[in-house]
S.K.: 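Please read through the structure below; I'll follow up with questions.
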Amino acid sequence: MSDLLTVSEVARILRVDDTTVRRWVKQGALEAVVLPHVNARQAYRIKRETLDRVLGDSSLLQQQTAE
């Protein structure tokens, strides 16, 4: 497994929509690497260790979802 996950991979693991993952990244709830892009949509990669930390403390994302 790669150390960097796509937005779609993270969304599938967390059972949420891709848009939700992007929103969490933009709100700062989920740390991500911003990739250079030429398309309209910003590209992100999320470190596996970041996802593991979030899964260990799921209250972090629940707080962001409630806002």
S.K.: Taking C-beta and beyond as the side chain, do I13 and V10 meet within less than 4.5 Å on heavy atoms?
M.R.: no
S.K.: Less than 4.5 Å apart, any side-chain heavy atom of K47 and any of L4?
M.R.: yes
S.K.: Does L30 reach the side chain of I46, with side-chain heavy atoms less than 4.5 Å apart?
M.R.: yes
S.K.: What distance separates L14 CG from L55 CG, expressed to the nearest 0.5 Å?
M.R.: 5.5 Å
S.K.: Determine whether R45 and L5 make a side-chain contact, defined as any pair of heavy atoms from C-beta on separated by less than 4.5 Å.
M.R.: no
S.K.: With sequence neighbours left out, what residues match D18 under side-chain contact (heavy atoms from CB on, under 4.5 Å)?
M.R.: V7, S8, A11, R22
S.K.: Output all residues satisfying side-chain contact (heavy atoms from CB on, under 4.5 Å) with K26, sequence neighbours left out; order by chain, then residue number.
M.R.: Y44
S.K.: How many angstroms lie between CZ in R48 and CD in E9, if you round to the nearest 0.5 Å?
M.R.: 7.5 Å
S.K.: Just verifying a value: how many Å separate D3 CG and T50 OG1, rounded to the nearest 0.5 Å?
M.R.: 10.5 Å
